[in-house]
Amino acid sequence: MTLQAPDFYFPAPRTQKFCSQCGTLLSRHIPPDDNRLRDVCNSCGAVHYQNPRNVVGVLPIWEDKILLCRRAIEPRYDKWTLPAGFMELGETTAQGAMRETQEEAGAQIELGRLYTVIDVPHAEQVHFFYLAKVLSDELYPGPESLDAAFFKAEDIPWSELAFRTVVTTLEHYLADLETGVFPIHHYDIPLPPPK
Ligand code: ZN
């Protein structure tokens, strides 16, 4: 894989104001022997490193249909998505993907294998989607979803999908259906063009 210049930009850390160790106002600078801006506490010396977050989700299949959820929360309120969300402390990516499916769709699933791993550097995230078999067509969408429903390939609401990682995961799946081979797909979502 070749990396081009935009992949190496160093975004500013997410804003945080006070030291979580001692409550002092933080100062933002590049510490000695480092090469990135950090939030540093000049009182207790803590350096508040920030790292990408993991988003874990599922591509749930029921017969020839795909389960999608309509978001009841921002961002992308009212848009359709695969069940997915931020990984919680203490769980594995697979456990997180199953939890999100339960929370957002109330679907009974049998988790399959990892299918897409997507780097989204400008959003400071890595997304993981597992294949899954839905075991019953009964859905109980939770408070984070306005709705949950099954879609045949030709009925997928492409212009109403919430995230590019959802779009590309579905595109890979439909292409792989043609060949019957479902390899793991690892790729980047490039930076959006400048506004
Ligand atoms: Zn401190």
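FYI, side chains are in, hydrogens and waters are out, and symmetry mates aren't considered; it's all heavy atoms of this structure. In this chain, residues are counted from 1 in sequence order. Numbering of ligands and ligand atoms starts at 1, following listing order.
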Fill in the blank from the handout: Residue set satisfying salt bridge (Lys or Arg N to Asp or Glu O under 4.0 Å) with Asp78, at least two apart, ordered chain then number -> Arg70
Practice task
Could you list the residues that satisfy salt bridge (Lys or Arg N to Asp or Glu O under 4.0 Å) with Glu91, not counting sequence neighbours?
Solution key: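 Testing Glu91 for salt bridge (Lys or Arg N to Asp or Glu O under 4.0 Å), a comparison that skips the adjacent residues, returns Arg99.
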Exercise for the section: Could you please spell out the steps behind the side-chain hydrogen bond (donor to acceptor under 3.5 Å, both in side chains) verdict for Thr93 and Tyr130? Expected result: CA-CA 9 Å; Thr93 52; Tyr130 285 80; 2.6 Å; yes
Practice task
Count, excluding waters, the protein N, O or S atoms that are closer to the Zn ion (ligand 1) than 2.8 Å.
Solution key: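 That number is 4, waters not included.
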Exercise for the section: Would you please test Leu68 and Leu161 for side-chain contact (heavy atoms from CB on, under 4.5 Å) and show each step? Expected result: CA-CA 9 Å; Leu68 297 175; Leu161 294 178; 4.2 Å; yes
Problem - Joint cluster assignment, Phe150 & Leu135, ILVMFWY side-chain distance < 4.5 Å - result: no
Exercise for the section: State which residues pass ring pair (Phe, Tyr, Trp, His ring centres under 6.0 Å) with His185; sequence neighbours excluded, sorted by chain then number. Expected result: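 Scan of His185 (ring pair (Phe, Tyr, Trp, His ring centres under 6.0 Å), adjacent residues dropped) gives Tyr115, His172.
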